[in-house]
Protein chains: 2
Amino acid sequence: MSTLILIVEDEEDILELMEFNLGREGFETMGFLNTKRVIEVLEEEKVDLILMDRNLPGTEGSEFVASLRRSGINTPVIFISAKDKDEHIEEGFERGGDDYLTKPFSMKELVLRVKAILRRTQKTSVEGNVTYRDITLNLASRTVIIENSPVELTKLEFDLLYALMGNQNVVLDREYLLEHVWGGDEMYQDRTVNVAINRLKEKIDPDKSKEYIKTVRGVGYTLC
Amino acid sequence: MSTLILIVEDEEDILELMEFNLGREGFETMGFLNTKRVIEVLEEEKVDLILMDRNLPGTEGSEFVASLRRSGINTPVIFISAKDKDEHIEEGFERGGDDYLTKPFSMKELVLRVKAILRRTQKTSVEGNVTYRDITLNLASRTVIIENSPVELTKLEFDLLYALMGNQNVVLDREYLLEHVWGGDEMYQDRTVNVAINRLKEKIDPDKSKEYIKTVRGVGYTLC
DNA sequence: TATTACTGTCACGGTTTGATTACAATAGTT
DNA sequence: AACTATTGTAATCAAACCGTGACAGTAATA
């Protein structure tokens with residue numbers, strides 16, 4: 001489960017240099033000199049990050065990214081450009097870029113910015129510490145700390161709480177929860193969720209004084 | 001429910017300039033000249049992003065952030081520094097920074113980088129907002145803010161208001177509303193809509209001073 | 001102003017929805 | 001295999017929600 005970085009850069013020597021340095025840090029890379037085959041690759045492979053030159057012959061890199069965004073592809077992007085005027089930086093960000101590097105840049109900085117973006121975007125799966133108020137989930141050890149004390153949860157309860165904590169301020173309906181927490185193709189009834197939620201509430205807030213989980217009548221449940 | 005940015009910067013004029021520019025973009029800011037009271041604030045308020053000067057007298061900003069991370073606080077951080085040597089940038093990133101700005105930087109770039117970080121970290125709450133005058137609906141959390149205060153609506157009321165807000169300046173007749181808000185194939189009477197509209201009016205404008213919803217006699221209702 | 005049609009308001013009660021408990025079935029452990 | 005923990009389902013209860021009908025209020029028209 002390594003990290004795959006896709007690079008589009010028309011200057012071949014720079015492309016090689018980038019691939020070499022990122023490879024040395026343990027990243028897998030795929031280099032392209034233009035955007036021709038990029039969309040296919042994005043559909044086939046799970047790409048974690050795109051490094052995109054903005055000054056490509058033909059297509060503008062930022063226009064390409066804008067079209068990716070329009071078709072629902074939200075892979076993070078770092079733009080690379082020789083231009084360093086504000087207007088261009090602005091355009092890059094507005095079109096869905098996550099960071100911006102201007103040539104010439106050091107390979108060290110490239111690696112650092114790549115790591116920072118990845119840290120932010122794969123936070124949950126890699127680092128694995130999610131917090132909400134005084135609740136902390138550790139995904140690796142599947143442990144739960146509430147008010148500095150450990151709380152024991154079953155697998156189902158943990159997964160359910162994780163789903164809620166990963167979607168703070170979002171109302172999750174029962175269908176969604178059955179799909180994402182229970183998963184599989186078993187058929188369950190909506191009531192099943194009610195009972196599971198109540199068992200979870202009982203464990204994380206026995207006094208019923210915290211009101212972590214709010215039920216939204218007719219819709220579902222939320223952490224807010 | 002706006003976005004709160006916490007800034008630590010010991011140069012007072014720069015702090016003011018940052019607060020002014022971010023405020024103009026609609027962000028709430030809290031400025032500090034040192035890290036003394038910051039931890040308390042982070043525990044009390046829901047801070048969305050921290051801007052941290054690394055060259056503070058006394059504590060190193062990056063050391064402070066590292067300690068935040070150790071105590072499980074994962075609020076995103078942008079470091080700000082006069083140093084632009086690689087080694088310092090590296091230290092900032094390694095200690096849990098999400099981005100790095102070196103002085104002097106333009107306010108435009110600051111704002112852009114702030115937005116890029118927020119886009120990644122709070123995708124749910126930024127998207128899917130509908131507004132009309134001083135009413136804001138958040139579809140994900142199904143919350144309603146009117147004049148900066150939350151208002152509680154039932155599922156039906158929320159769906160009804162959403163239908164109206166999604167069709168501003170369009171008169172929706174009762175048949176349309178029954179079809180789109182009530183849905184299903186149940187048969188309801190037109191009067192049902194009247195009562196629902198009035199219950200909604202009562203909740204979003206108890207004083208009857210705003211006149212959000214206009215009734216178009218013989219036709220239906222509209223938001224205009 | 002008088003008439004009429006439409007809309008607002010209120011109270012009532014049925015229906016839906018969720019919380020809670022108990023029980024059964026299943027999986028995991030000793 | 002016996003035991004325990006886990007979890008789905010059924011049953012019961014309480015409460016929120018909302019559809020309906022009756023009537024008052026209001027706007028339109030002549």
Side-chain angles (χ1 to χ4, degrees), chain A residues 142 144 151-164 171-224, chain B residues 142 144 151-164 171-224:
Chain A
R142 293 184 70 87
V144 184
V151 173
E152 296 255 322
L153 295 185
T154 69
K155 167 179 160 49
L156 182 72
E157 288 157 359
F158 186 91
D159 292 343
L160 183 54
L161 182 55
Y162 176 48
L164 290 165
V171 180
L172 303 178
D173 59 39
R174 293 176 178 73
E175 198 185 350
Y176 176 93
L177 290 169
L178 285 173
E179 171 93 29
H180 287 81
V181 177
W182 277 257
D185 14 53
E186 309 284 331
M187 285 300 291
Y188 301 101
Q189 26 187 94
D190 285 3
R191 294 285 188 70
T192 298
V193 179
N194 297 22
V195 180
I197 286 277
N198 280 313
R199 285 170 178 156
L200 175 58
K201 278 185 180 172
E202 175 65 25
K203 287 203 188 170
I204 63 179
D205 181 23
D207 304 340
K208 296 169 207 249
S209 57
K210 303 291 200 58
E211 309 214 328
Y212 294 116
I213 299 171
K214 186 177 152 199
T215 108
V216 180
R217 203 183 170 83
V219 188
Y221 298 90
T222 186
L223 228 66
C224 64
Chain B
R142 295 185 69 90
V144 184
V151 173
E152 296 253 322
L153 296 185
T154 68
K155 170 177 156 53
L156 181 73
E157 288 157 359
F158 185 92
D159 292 343
L160 183 54
L161 181 55
Y162 177 48
L164 290 165
V171 181
L172 303 178
D173 59 41
R174 293 177 178 73
E175 198 185 350
Y176 175 93
L177 290 169
L178 285 173
E179 171 93 28
H180 288 80
V181 177
W182 277 256
D185 13 53
E186 309 285 330
M187 286 301 291
Y188 300 101
Q189 314 182 4
D190 283 4
R191 213 170 316 133
T192 297
V193 179
N194 297 20
V195 180
I197 286 278
N198 284 311
R199 284 172 178 156
L200 175 58
K201 277 184 181 173
E202 174 65 25
K203 287 204 189 169
I204 63 179
D205 181 23
D207 303 340
K208 299 170 206 241
S209 56
K210 303 291 199 58
E211 309 215 328
Y212 294 117
I213 299 172
K214 187 176 153 197
T215 105
V216 181
R217 212 181 163 79
V219 189
Y221 299 90
T222 184
L223 229 64
C224 64

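Residue numbers begin at 1 in each chain, while the letters A, B, ... track the order of the sequences. Since the model is a prediction, treat every value here as computed from it, not as a measurement.
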Point to revise | Within residues 206-214 of chain B: residues closer than 4.0 Å to DNA chain C (heavy atoms) | key: B/Lys208
Exercise for review: Output yes when B/Lys203 and B/Glu157 qualify as a salt bridge under the 4.0 Å nitrogen-oxygen rule, no when they do not.
Suggested key: yes
Review point. B/Lys210 and B/Asp205: which non-hydrogen atoms are nearest, and at how many Å?
Key: N-OD2, 2.9 Å
**Study point:** Closest approach of A/Ala163 to A/Val181 (non-hydrogen atoms, all atoms of both residues)
**Key:** CB-CG2, 3.7 Å
With rounding to the nearest 0.5 angstrom, report the [atom1] to [atom2] distance, [X] to [Y].
X	Y	atom1	atom2	value
B/Tyr188	B/Leu178	OH	CG	8.5 Å
B/Thr154	A/Arg217	OG1	CZ	10.0 Å
A/Leu161	A/Leu156	CG	CG	11.0 Å

Review point. Where does the chain B footprint on DNA chain C start and end, counting 5' to 3' with a 4.0 Å heavy-atom cut-off?
Key: C/dA5 to C/dA11
Flag the pair [X] / [Y] as yes when at least one side-chain heavy-atom distance between them is below 4.5 Å, and no otherwise.
X	Y	answer
A/Val171	A/Asp173	no
B/Leu200	B/Ile204	yes
B/Tyr221	B/Val216	no
B/Phe158	B/Val144	yes
A/Leu177	A/Trp182	yes

Point to revise | Side-chain donor-acceptor contact under 3.5 Å, A/Thr192 with A/Gln189 | key: no
Review point. Between A/Lys201 and B/Asn198, which has a closest nucleotide on DNA chain C that is more 5'?
Key: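 Closer to the 5' end of DNA chain C: B/Asn198.
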Revision key, fill the gap. Per-nt protein contacts along nucleotides 2-13 of chain D (heavy atom under 4.0 Å; B base, S backbone sugar-phosphate only, - none) come out as ----SBBBS---
Review point. Quick one: what's the B/S/- string for nucleotides 24-30 of chain D, heavy-atom cutoff under 4.0 Å, read 5' to 3'?
Key: --BBS--
Exercise for review: Apply side-chain contact (heavy atoms from CB on, under 4.5 Å) to A/Lys155 and list each qualifying residue two or more places apart in sequence or on a separate chain.
Suggested key: A/Arg142, A/Asp159
Practice item. Would you confirm whether B/Asp190, through its side chain, and B/Glu175, through its main-chain N or O, come within 3.5 Å as a donor-acceptor pair? Key: no
Practice item. Among B/Leu164, B/Val193, B/Thr222, find the residue that satisfies the side chain to side chain contact (heavy atoms under 4.5 Å, CB included) test when tested with B/Leu172. Key: B/Leu164
Point to revise | Nearest-Å distance for atom pair CD1/C1', residues B/Ile197 and D/dC18 | key: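 Going from CD1 in B/Ile197 over to C1' in D/dC18 covers 14 Å.
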Practice item. Rounded to 10°, tell me the angle between the two end axes of the helix from C/dT1-D/dA30 to C/dT30-D/dA1, each built from five pairs. Key: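 It works out to 40° between the end axes.
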